S.K.: 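This structure is in structure tokens; I'll ask about it shortly.
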Amino acid sequence: MNAPERSLSYLLDEDAGEVKCVYTADTKVANAGTFRFNKEDHTILNLFRMQLLRDPTVRFAGYYHPHPLVYYMNLKIQTNNANVAPVEVLSSAIEDLSNETDHLITQFQESMEAWKRENDADMAGQF
């Protein structure tokens, strides 16, 4: 068959020195750069883009997938001023997403425990 190996789309080739993310500063636009994410898809890059756009120091954040048969995506970020680098705002966005995820997990676990307490009492009376 002429199709590429499926695992090439999600496993990094560490033997060839492939890394998850590479940053390249933009030479034409001030305070801008491109992050190349290997073996990632729209799911994570859309999360990054939306979180970056919440940051008031970010002027532009967008991503694109050059071609369906290449297994990387590019995320472009431009900040409002020279004091804040694109690397800093992406790092901040990732940390914010991590905190939101931790909060979501905590809320879910607390809700499940409360539900179990309420329903265990109801279930014990039925038997």
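Scope of the values below: all heavy atoms of this structure, side chains included, with no hydrogens, waters or symmetry mates. Note that this is a predicted model, so its numbers are computed, not measured. In what follows, residues are counted from 1 in the order of the sequence shown.
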S.K.: With a 6.0 Å cut-off (strictly less than), is the heavy-atom count around CD of Gln107, excluding the residue itself, greater than 12?
M.R.: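 Yes, because the 6.0 Å sphere around CD of Gln107 holds more than 12 heavy atoms from other groups.
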S.K.: Donor-acceptor pair, distance only, cut-off 3.5 Å: does the side chain of Asn31 make one with the backbone of Val84?
M.R.: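 Flag not set: sc Asn31 to bb Val84 has no pair under 3.5 Å.
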S.K.: Should Ile44 and Val58 be regarded as members of a common hydrophobic cluster, given that ILVMFWY residues are connected when their side-chain heavy atoms come within less than 4.5 Å of each other, either directly or indirectly?
M.R.: yes
S.K.: Measure the CD1-CG distance between Ile77 and Asp55 for me, rounded to the nearest 0.5 Å.
M.R.: 9.5 Å
S.K.: Please give me the minimum heavy-atom distance between Asn80 and Arg59, naming the atom from each residue.
M.R.: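 Heavy-atom minimum between the residues: OD1-CB, 3.3 Å.
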S.K.: Could you walk me through whether Asp102 and Ser98 pass the side chain to side chain contact (heavy atoms under 4.5 Å, CB included) check?
M.R.: CA-CA 6 Å; Asp102 291 343; Ser98 176; 4.1 Å; yes
S.K.: Would you confirm whether Lys76, through its side chain, and Thr34, through its main-chain N or O, come within 3.5 Å as a donor-acceptor pair?
M.R.: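 Side chain of Lys76 to backbone of Thr34, a donor-acceptor pair under 3.5 Å: no, none is there.
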S.K.: Quick check on the hydrophobic clustering: are Tyr23 and Phe48 connected, directly or via other members, by side-chain heavy-atom contacts under 4.5 Å?
M.R.: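 Hydrophobic grouping puts Tyr23 with Phe48.
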S.K.: Can you check whether Trp115's main-chain N or O pairs, donor with acceptor, with Asn119's side chain at less than 3.5 Å?
M.R.: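 Flag set: sc Asn119 to bb Trp115 pair under 3.5 Å.
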S.K.: Applying side chain to side chain contact (heavy atoms under 4.5 Å, CB included) between Phe35 and each of Val87, Thr24, Leu45, report the one that passes.
M.R.: Val87
S.K.: Could you pull out the closest heavy-atom pair between Lys39 and Leu11, with the gap in Å?
M.R.: NZ-O, 3.0 Å
S.K.: Can you find a pair of side-chain heavy atoms, one from Tyr71 and one from Asn38, that are under 4.5 Å apart?
M.R.: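 They are not in contact (no side-chain heavy atoms under 4.5 Å apart), so the answer is no.
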S.K.: Only one of Tyr64, Phe37, Tyr63 passes side chain to side chain contact (heavy atoms under 4.5 Å, CB included) with Asn74; say which it is.
M.R.: Tyr64
S.K.: Start with the C-alpha gap between Met73 and Glu40, add the side-chain angles, then the distance that decides, and say whether side chain to side chain contact (heavy atoms under 4.5 Å, CB included) holds.
M.R.: CA-CA 7 Å; Met73 297 185 84; Glu40 289 297 345; 5.6 Å; no
S.K.: Counting only heavy atoms not in Glu95 (residues, nucleotides, ligands), do more than 12 fall under 6.0 Å from its CD?
M.R.: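 For Glu95, atom CD is not crowded (no more than 12 foreign heavy atoms under 6.0 Å).
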S.K.: Can Gln51 and Arg54 be said to form a side chain to side chain contact (heavy atoms under 4.5 Å, CB included), step by step?
M.R.: CA-CA 5 Å; Gln51 189 66 33; Arg54 292 179 183 170; 3.0 Å; yes
S.K.: Are side-chain heavy atoms of Leu52 and Leu75 found at a separation under 4.5 Å?
M.R.: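 SC-SC contact between Leu52 and Leu75 confirmed.
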S.K.: Could you go through Tyr10 and Asp41, starting from their C-alpha distance and side-chain angles, then the distance that decides it, and tell me whether this counts as side chain to side chain contact (heavy atoms under 4.5 Å, CB included)?
M.R.: CA-CA 9 Å; Tyr10 59 87; Asp41 61 4; over 6 Å; no
